[in-house]
Amino acid sequence: MNSLILSTATRLIVAILLMFSIFMLLRGHNQPGGGFIGGLIGATGFVLYAIASGTKEARAALRVAPQQMAMVGLGIAAVAGLASALFADPLFTGQWLFIGASGDDHGLPLSTVLMFDIGVYLVVMGGILTLVFALEEEI
Amino acid sequence: MAQNSDQSASFWTAASIVPPLIAAGLFAFFLSFLHPISAGESVRHAWEWIPSMGVELSFFIDGLSLTFALLISGIGVLVMLFSGKYMAGNPQHGRFSMYLVSFMLAMLGLVLSDNLLGLFVFWELTTITSFLLIGFNHDSKLSQRSAMQALLVTGTGGLAMLAGFLLIGSVSGTMELSELRGMGDILRDSPMYLPILLLVLAGAFTKSAQFPFHFWLPNAMAAPTPVSAYLHSATMVKGGVYLLARMHPNLSGTDVWLWTLVVFGAFTTVFASVLALKQNDLKQTLAYTTLMALGALVLFLAAPGGYAITAMATFLVVHSLYKAALFLMIGCVDHSTGTRDARRLGGLIRRMPITGVAGGLAALSMAGMYPFIGFIGKELLYKAGLESPASVLIVTGAIFLASALMFAVAGVVALKPFWGSAAHMPQLDRPIREAPIPMLAGPVILGVAGLFFGLNSHALQHAVTDPIVGAVLGDMEKAKDLHLWAGVNMALYLSLATFATGLVLYLFHKTLRERLIAAGERLMSFDAKWDSLLVAINAGAVKVTALIQPGILSRYLLVVFSTITLAIGGTILARGLDIGTPVLDGITYVHLIVFGLTVSGAFVAVITNSRIAAIAGLGVTGIGVALVFIQFGAPDVAITQILVEMLVVVLFSVAALKLPTLPQRLPFHNRGLHAIVAIGLGAVVTGVVIGITSVPLNMNLTEYFEKYSYPIAHGKNIVNVILVDFRAFDTFGEISVVAVAAISAYALLKQRKSGGTS
């Protein structure tokens, strides 16, 4: 699609969408959001970019092939699930680390659960982009 | 033929040395059990495997399993020695040795397993390793077909057997053979007895190549000779016999057992020994005599008497010894002369005297001559036949015919190539020499063993037949004694008559063979039927695929939706389920607006002629559904729904923009069908939802998640905590599906562009 307005606006909107998607990913454990929703939002950003400037541009902006993104995400999720084996827990048991926690303040919570959600994010985004880019290019 | 071997290749390679050493170690290990087992003891070792399902990796050694284990490992040593030289120089020799050793271990696992599921696993492992061995020359079409045939026939039987085992487990409450032994009456009185029996027999009959499943065994001779000697004479095909013997205490004693085994065993043994005489290829001849032996073993497992089981046990050893020896002898002949054709071989005794004598010893045992162990075996077969509870005429008659034919075949296999006329021998550019020592060891040792056990039948009785009878009948006292000379009795007369008939058959075997070949062309060939069966299965699969996977999206949806409608709607109607009445309290104008939006979107999608409008209509419906989620407090689901709707609209638009023309309106009757299915599905889903909401929801899970989400999983968003923590394994499965679906779609789309067929 060749529209100056759309392509100009898209540059801004994509940046906002991507930031928003990471925001949704990170807040997901306590408020509406999560890896699935974040991945969908991130994908929407690049789909918009592809509609405005073409898939070639969109692929260049993404830098990695979307199918690789999905596979890496799957790998991250698998590692997050297997990590519990190091602590002799059943598969996919969440492991938590609270940095700077004191009393009721949990500090900065880091966990394999978050890592798993990042994997979900990458799989959803990569999977959808694989599909959309291929559809736009091939049909 | 001898193309497998390189005459000059060294025997001293790892692939040649290691397998016989492994087998010899195992043989020595099992020998150490001989003393306690022959004293009537049994040994059991168990390790937990899948404790949650009560599956143990348990091994049980009694007289029956020990005899099989000794035969498998002992003959294994000789066969592996033989193949070390026979296969030497073959670039795939290492792979072959690995297959052969794997097969041996699987076979040992089969006969030693105490757990029925363990037995099944090892049973299938022997099927798979034998598939690899039969198909070893995998660039040959013949090997491919034979390997596939053996795999399918024995594999199908194995699955039937598994079903039988599971039934046994559910009826008796145990999967351990050692516990099942005293439970025969529970199984026999159970209404599931007949299904269990038929399923187990299907496994045993396919593995042991009983008629009408016999056809795979002669074809399996496509394998290298050591494999034929090992799998298809001494071990794998005996797996079915082992199973029947093992199941004898649990399943025998009924008329069905008795007559099924008698009829199939008797027919197989006569049928196979007639066909054995028909073959030109000596390996094929031996393959059919194996069928004869298997038939005889099954025949005598039918009866519960002491004579029958003693005869079965003796003949088991007799057959393993002479059959492995003869196969290996033919391997030596093939190795030296390059042919196995019975019509051409002759006069080899001067060139290969040791092979000739060893083969002669084995053949004398096969023919049942005095004083070989084969003679004792045949006497026992006659005695058992004469007291058979089924039909003395059928059993004794079958054994008489088969033994006489065996006598003739023994002559064809071991007499004629060495002592017969050399007029038709192929001309070779190298002198015919004795086979190397590693290859000769097998026939010599096994041939001599046949004579040794004949003269020392007491040793065999003590070590083998008494313990087997003890294991099968539960009482070692029921075993009959093995005598080389049992006095002048009916069995002796029958033996003499057998020799006379056999001699006549041997003298006229050439004429008989030509007659049989001529007659064989008019008979139905199971082998050819097998091919047409496979063709028919393939054709059926093509038709079914064309029916349920036409490649038209609307037809897929039609099938899926009408299936759901009929299955759920039909259940509700058939059971007369009361779905209750919808709860209409508390409906506000917001609900009505959302309802109006959703329905109008769907309405537009149905009536419009424009594709874009239809897509937009679907989008509106989707947003309406998302609003429903928001109304009822599921923001995560709503956000996901909205995002997915957006992406779907984008995807549809991309596709729609590129499509050449807008769709024509579908013919009326098609839309009518679609309308019926759509309305039906809507009605069913509505009914289900009303039915679910009319009873109080079970809140156990909800309460659990509400209670533990924050304290345990440190998250306040329950939906997300469920997704990434409580049920993370499910989510992992889902994202795997997402990734695989995306990659598959990508591959399909790319393939379309590159012009490949889709």
Side-chain angles (χ1 to χ4, degrees), chain A residues 1 24 27-37 39-41 43-44 47-48 50-51 66-67 69-71 73-74 77-78 80-81 84 90-94 96 98 106 109 111-117 119-124 126-139, chain B residues 630 634-647 650-659 709-710 712-754:
Chain A
M1 210 177 291
M24 289 299 264
R27 85 199 278 257
H29 214 53
N30 291 316
Q31 276 137 11
F36 206 87
I37 291 173
L40 285 172
I41 295 172
T44 316
V47 168
L48 189 62
I51 290 173
Q67 55 269 41
M69 192 175 190
M71 287 302 131
L74 202 57
S84 58
L91 201 63
F92 284 100
T93 308
W96 291 79
F98 299 97
H106 281 318
S111 64
T112 56
V113 171
L114 177 65
M115 188 176 161
F116 182 78
D117 223 6
V120 174
Y121 175 93
L122 291 174
V123 170
V124 171
I128 289 172
L129 290 180
T130 304
L131 203 58
V132 172
F133 286 173
L135 264 177
E136 293 212 19
E137 283 162 6
E138 306 302 332
I139 291 186
Chain B
I630 291 176
D636 285 274
V637 188
I639 297 173
T640 313
Q641 171 78 17
I642 291 175
L643 288 167
V644 168
E645 283 305 329
M646 276 169 56
L647 283 167
V650 169
L651 283 175
F652 265 132
S653 317
V654 169
L657 283 172
K658 306 281 168 88
L659 282 176
S709 177
Y710 193 65
I712 295 184
H714 313 289
K716 290 175 186 151
N717 177 359
I718 296 176
V719 175
N720 188 259
V721 170
I722 292 174
L723 279 178
V724 297
D725 201 335
F726 286 131
R727 320 222 61 162
F729 195 55
D730 292 359
T731 309
F732 187 71
E734 282 153 22
I735 58 175
S736 309
V737 171
V738 169
V740 170
I743 302 278
S744 320
Y746 181 76
L748 277 175
L749 287 163
K750 290 287 170 192
Q751 190 187 29
R752 258 172 64 118
K753 194 179 191 189
S754 63

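Both backbone and side-chain heavy atoms feed into the values below; hydrogens, waters and symmetry mates do not. Just so it is clear: chains get the letters A, B, ... in the order the sequence lines come, proteins before strands, and each one is counted from 1.
If you tally non-hydrogen atom pairs under 4.5 Å between each of A:Gly35, A:Gly81, A:Ala78, A:Ala70 and chain B, the highest count goes to A:Ala78. Most heavy-atom pairs under 4.5 Å with chain B: of the set A:Pro66, A:Ala77, A:Pro109, A:Gly94, this distinction falls to A:Ala77. Ranked by non-hydrogen atom pairs under 4.5 Å with chain B, the options A:Leu91, A:Val113, A:Ile128 are led by A:Val113. In terms of heavy-atom pairs under 4.5 angstrom with chain B, the leader among A:Val120, A:Leu114, A:Leu131 is A:Val120. Put simply, of B:Val644, B:Leu647, B:Val738, the one with the most heavy-atom pairs under 4.5 Å next to chain A is B:Leu647.
Using a 4.5 Å cut-off between heavy atoms, B:Leu723 contacts chain A through its backbone alone, with no side-chain atom that close. Contacts of A:Leu48 with chain B are absent, with no heavy-atom separation under 4.5 Å from either backbone or side chain. Heavy atoms of A:Phe116 lying under 4.5 Å from chain B belong exclusively to its side chain. Interface remark: A:Val47 contributes side-chain atoms only to the contact with chain B (heavy atom separation under 4.5 Å). With a 4.5 angstrom heavy-atom cutoff, B:Phe726 does not touch chain A via any of its atoms. Contacts of B:Val721 with chain A are made by both backbone and side-chain atoms, with heavy-atom separations under 4.5 Å. For A:Phe133, no part lies under 4.5 angstrom from a heavy atom of chain B.
Nearest heavy atoms, B:Pro635 versus A:Pro32: CG-CG, 3.6 Å. Looking at every heavy atom in both residues, A:Ala50 comes nearest to A:Glu136 through O-OE1, 4.1 Å. Counting all heavy atoms, side chain and backbone alike, A:Gln67 lies closest to B:Ile743 at CB-CD1, 3.4 Å.
Put simply, the side chain of B:Asp636 gets close to the backbone of A:Gly33: a donor and an acceptor are under 3.5 Å apart. The closest donor-acceptor contact from the side chain of A:Asp117 to the backbone of A:Gly34 lies at 3.5 Å or more, if one exists at all.
Proximity of A:Phe98 to B:His714: side-chain heavy atoms (C-beta onward) are separated by under 4.5 Å at one or more points. Put simply, the side chain of A:Tyr121 does not reach to within 4.5 Å of the side chain of A:Val124, judged on heavy atoms. Annotation: side chain of A:Met69 is not in contact with side chain of A:Thr130 (no heavy-atom distance under 4.5 Å).
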